[in-house]
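Written out below as structure tokens is the structure these notes cover.
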Amino acid sequence: MLKERQLHDKIFTPFISEKEIYLSITNLTQELQKDYEGKEILFIAILNGSFMFASDLMKFYDKDAVISFIKVSSYSGIHTTGRVDELIGLNTSVQGKHIVILEDIVDTGITIDKVITLLKSNYPESVEVCTLLFKPESFKGKNKPKYIGFKIPNKFVVGYGLDYNELGRNLKELYQLKEE
Ligand code: IMP
């Protein structure tokens, strides 16, 4: 039986189990393998939050694919700052490639909009987004993710790579902020 977790000053309750996450990743990889039949994907994982999702998704993905990791930052505590810095760490050419961006969570959509704009200036063949979590109520972006693990309510979540002020990334499951 999973228990509540305290991270810094906040309490989080169990939300999505490890098993449910793996099932969802299996479905996502099957969909990707079907859609990209005969093509090589360049996965671009957005750090830090997507490290666990990217690692597990790559283990389940059974076709040729390459991966690169980039970093952007738009969150401080439990609120987005709405600002995204330049891409850090993209050390491969994207020209002519089929890119699938891997995100842990798409919230307002600001991060992926900015990343997609920056990537498109380097002429990839195609760009799609695969996210484990999507918050439809807070989304106001231009690029809706094509591949979505779970649609979730507009509440702050941690675990499975996602943090609250850097704590909680190591949890195997997802937890949701407890209402006070
Ligand atoms: P967006 O730009 O608003 O879509 O936010 C994307 C980024 O904000 C994600 O990559 C996360 O790092 C962070 N984020 C958004 N919602 C949450 C949450 O509920 N928990 C932890 N991080 C979040």
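Both counts, for ligands and for their atoms, begin at 1 and track the order of listing.
Using cut-offs of 30° and 60° for the angle between ring planes, the Tyr164 and Phe12 rings count as tilted. Between Tyr36 and Tyr147, the two ring planes are tilted [angle within 30° to 60°].
Only the backbone of Asp163 comes within 4.0 Å of ligand 1, judged by heavy-atom distances. The side chain of Leu162, and not its backbone, has at least one atom closer than 4.0 Å to an atom of ligand 1 (non-hydrogen atoms only; side chain from C-beta on).
Residue Gly109 places a heavy atom less than 4.0 Å from ligand 1. Put simply, no part of Val158 is less than 4.0 Å from ligand 1, judged by heavy atoms. Under the 4.0 angstrom criterion for non-hydrogen atoms, Val157 is in contact with ligand 1. In this structure, Leu133 has no heavy atom closer than 4.0 Å to ligand 1. Under a 4.0 Å heavy-atom criterion, Lys114 is not in contact with ligand 1.
Near Glu103, with a cut-off below 4.0 Å to any heavy atom, the atoms of ligand 1 are 10 (O). Less than 4.0 angstrom separates some heavy atom of Thr111 from each of these atoms of ligand 1: 1 (P), 2 (O), 5 (O), 6 (C).
The minimum heavy-atom distance linking Asp35 with Lys39 is given by the pair O-NZ, 4.5 Å.
Residue Leu118 is grouped with residue Ile46 when hydrophobic side chains (ILVMFWY) are merged at heavy-atom distances under 4.5 angstrom, including chains of intermediate members.
Note that OG1 of Thr26 is 11.5 Å distant from CD1 of Ile21, once rounded to the nearest 0.5 Å.
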